[in-house]
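Below you'll find the structure, written out as structure tokens, and then a few comments.
Values in this document were obtained by computation on a predicted structure and should not be read as measured data.
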Amino acid sequence: MARIYSVKRAKNLRYTLKKLFSYLGHYKGLLALVAILVIISDVCNIMGTYMIKPIVNSLLETGSWQSLIKGVIVTGSIFACGAISALLYSQIMARLAQKVVFDIRNDLFAHIETLPLKYFDSHQSGDIMSYFTNDIDTISDALNNSFSSTIKSGVQITGTLIIVFVLNFSLSLIVLLSYIAMFLYIRYSGKRSKLYYSRQQKKLADLDGFVQEMIEGEKVIKVFNHESESIKDFDVRNKALEREGEKAQGYALTMIPAVVSISYFNYAIVALLGGFMTLRSLMDLGSLSTYLVFVRQTTGPINQFTQQSNFLLSSLAGCERIFEAMDEISEINEGKVSLVNVLKKDDGLLVETGKATGCYAFKDGENLIELKGDVRFNNVSFSYDKKTKVLNDISLYAKPGEKIAFVGSTGAGKTTITNLINRFYDIDEGEITYDGIDIRRIEKSALRKTLSMVLQDTHLFSGTIRDNIRYACPDASEEDVVNAAKIANAHSFITRLPDGYDTMIHNDGANLSSGQRQLIAIARASILNPPVLILDEATSNIDTRTEDLIEKAMDRLMEGRTVFVIAHRLSTVRNSNAIMVLEHGKIIERGTHDDLLKYHGLYYNLYKGLFELE
């Protein structure tokens with residue numbers, strides 16, 4: 001079922017325009033040059049048209065071909081000047097539009113990268129992608145086609161009105177009334193179109209999100225023969241987009257016929273009255289000829305404006321969505337405790353240094369606290385929606401070098417605990433400390449630099465295997481990359497690939513097996529040499545043999561480190577220092593593997609196969 005979006009109130013239009021003009025303001029010089037060239041072009045066109053009057057009157061008075069040729073040459077020169085100006089401003093505007101779009105796209109991506117994880121959890125990836133494609137494209141189209149055309153239309157309308165009033169004041173009052181009628185209708189139709197263009201952009205984003213989701217899940221669709229249902233769902237969204245597009249275009253496209261009809265009616269009246277005035281010698285023939293040409297041309301700039309209004313309305317709808325995203329609150333980083341390189345002397349004294357030493361400390365004011373990886377939860381409670389608690393009064397500790405495992409059914413809160421350690425979300429109650437420091441006081445970048453995480457859903461980036469392994473540490477040497485791969489037991493299979501570490505990865509590692517992808521992800525986590533390692537069901541997609549390799553690698557990797565493990569396979573947590581059994585956001589059992597078996601509780605039933613995790 002297609003989502004229903006509320007339409008934004010008109011007051012957002014002013015804000016949207018202000019934001020857009022702030023980007024245009026970076027190129028005031030180019031904008032001024034474009035405006036000057038547009039004015040020159042339009043003035044030349046108006047003056048060239050006005051030359052009809054002296055040419056006709058001169059020909060009627062003298063009958064001289066010389067005066068006719070001279071007038072034509074002057075008129076041609078005027079139009080040539082206008083054409084050159086038009087060529088120049090169109091080229092400048094094309095470059096200017098790309099510069100503005102480049103700035104907006106850069107700022108948008110930079111801001112998206114600062115948003116908290118909950119933003120991505122609550123928005124479709126296709127909807128976010130639509131900001132960078134459909135919405136940005138509408139801005140580019142509007143700047144390329146509409147900015148100069150709007151100035152051009154304004155100059156033409158103003159210049160034409162001035163000329164017709166100079167030629168004949170009384171007839172021009174009728175022209176002025178027709179202008180007012182045209183603009184009143186354009187204003188009414190424009191308001192209606194604005195609403196539907198806004199809806200159209202959002203329906204388009206909804207459709208893009210659905211298409212991306214379906215393409216990514218195409219294998220699942222085919223396995224479960226869900227093609228027909230997917231087509232039906234697509235049809236629902238496509239029809240919703242069609243309806244909004246029809247309404248937007250329907251109102252917008254009535255502008256031109258309405259303007260043309262008013263202009264024809266105006267032209268007929270002016271031609272009849274002008275002819276009558278010429279017969280009564282109240283107006284010369286040259287003036288009438290020029291006047292009627294200008295009256296006929298009054299429709300041109302208005303038609304052009306109404307045509308460009310479609311681009312403008314669509315662009316403003318796209319701008320609103322983009323600027324809304326850019327107004328989303330960035331991830332708050334109120335931490336003051338930083339991470340620094342230190343030298344540790346024989347007496348244990350820590351000395352800060354600017355060189356990479358491989359030894360780190362948290363800097364709290366003037367105090368240096370050695371980074372060890374001691375993590376503690378003290379009466380922690382948390383909810384995603386501030387209503388339903390996902391974790392309730394959780395207390396636990398993990399000393400450096402310990403392996404802590406979390407076991408429980410889906411939704412028990414296992415992954416939430418690891419998200420809180422990373423500060424992807426902030427707790428509602430209690431305290432989480434890292435080496436005795438409340439993690440809310442630690443800079444998020446510093447905190448996350450000390451953590452490595454391997455997720456169940458591995459994501460690999462386009463590039464070589466080498467690039468993916470040193471993703472978190474771009475300056476890592478070849479030796480570091482190979483050592484990380486060996487720790488993860490990935491070196492063997494990588495060297496058997498045709499291009500070894502230079503093997504290109506495409507489409508999230510589709511050319512590798514699930515186990516190979518997971519091993520590369522573990523190598524990527526280990527290259528940072530972190531004091532804390534989080535494995536969120538990292539072995540769930542791996543065969544038993546590979547799992548055995550990973551367990552051996554993890555045993556080596558966890559030496560001197562704190563390791564948090566989430567796993568459905570209980571065989572992977574047997575050697576943990578402590579196992580936490582969670583249910584409904586609470587720790588209901590804790591202890592070693594042997595202790596929990598003696599307890600004969602939920603863990604015992606799970607291990608003996610008397611109960612299964614859901």
Side-chain angles (χ1 to χ4, degrees), residues 113 339-342 353-360 371 373 400-401 403 418 422 445-543 545-565:
E113 286 294 291
L339 187 70
V340 296
N341 286 284
V342 294
T353 176
K355 298 180 180 180
T357 61
C359 184
Y360 297 94
L371 176 63
K403 180 179 180 181
T418 60
N422 282 280
S445 58
L447 173 67
R448 291 168 187 170
K449 190 175 181 180
T450 68
L451 304 166
S452 275
M453 194 169 187
V454 181
L455 303 174
Q456 177 182 2
D457 297 323
T458 302
H459 183 81
L460 300 180
F461 297 91
S462 296
T464 64
I465 289 178
R466 178 185 293 101
D467 292 336
N468 271 274
I469 292 177
R470 60 183 178 196
Y471 183 79
C473 192
D475 297 329
S477 66
E478 184 68 17
E479 183 181 0
D480 292 334
V481 172
V482 172
N483 286 337
K486 287 180 177 179
I487 290 174
N489 282 320
H491 178 71
S492 178
F493 92 81
I494 293 174
T495 54
R496 292 196 300 270
L497 294 173
D499 297 318
Y501 284 87
D502 292 317
T503 299
M504 292 297 297
I505 293 176
H506 301 287
N507 195 22
D508 197 14
N511 54 329
L512 302 175
S513 70
S514 297
Q516 290 172 335
R517 294 170 63 232
Q518 201 75 307
L519 290 172
I520 291 174
I522 293 172
R524 180 171 61 191
S526 66
I527 200 170
L528 274 177
N529 195 25
V532 176
L533 184 67
I534 299 172
L535 305 175
D536 190 349
E537 302 190 30
T539 61
S540 61
N541 294 326
I542 295 176
D543 58 84
R545 179 180 176 278
T546 307
E547 181 181 340
D548 182 59
L549 292 175
I550 291 175
E551 286 187 359
K552 291 178 180 178
M554 290 302 100
D555 287 339
R556 295 197 302 270
L557 185 61
M558 69 173 287
E559 293 179 6
R561 295 178 177 83
T562 306
V563 181
F564 292 96
V565 179

Shortest non-hydrogen contact between V342 and T357, atoms and distance: O-OG1, 2.8 Å

Looking at N422 and L451, would you say the former's side chain and the latter's main chain have a donor-acceptor pair under 3.5 Å? no

Answer with yes or no whether the side chains of S492 and R496 bring together a donor and an acceptor at under 3.5 Å. yes

Does V340 reach the side chain of Y360, with side-chain heavy atoms less than 4.5 Å apart? no

Which residues share a salt bridge (Lys or Arg N to Asp or Glu O under 4.0 Å) with R448, sequence neighbours left out: E331

Tell me the closest heavy-atom pair linking L528 and S452, and the distance in Å. CD1-OG, 3.6 Å

Side chain to side chain, I520 and I469, heavy atoms closer than 4.5 Å: yes

Student check: side-chain heavy atoms of F564 and L533 closer than 4.5 Å: no

Considering all heavy atoms, the nearest R524-N468 contact: CD-O, 3.0 Å

R517 and I505, any side-chain heavy atoms less than 4.5 Å apart: no

Show your working on salt bridge (charged side-chain N to carboxylate O under 4.0 Å, His left out) between D480 and R470 and close with a plain yes or no. CA-CA 9 Å; D480 292 334; R470 60 183 178 196; over 6 Å; no

Residue set satisfying salt bridge (Lys or Arg N to Asp or Glu O under 4.0 Å) with E113, at least two apart, ordered chain then number -> none

Would you say T562's side chain and G373's backbone share a donor-acceptor pair under 3.5 angstrom? yes

Going by heavy atoms in the side chains, are L371 and L339 under 4.5 Å from each other? yes

Can you check whether D502's main-chain N or O pairs, donor with acceptor, with T464's side chain at less than 3.5 Å? no

Look at atom CD of E479 and say whether more than 12 heavy atoms of other residues, nucleotides or ligands are closer to it than 6.0 Å. no

Pairs involving residues 448-470, ordered by first then second residue, that meet ring pair (Phe, Tyr, Trp, His ring centres under 6.0 Å) (sequence neighbours left out): H459-F461, F461-Y471

A side-chain contact here means heavy atoms from C-beta on lying under 4.5 Å apart; do T503 and I494 qualify? no

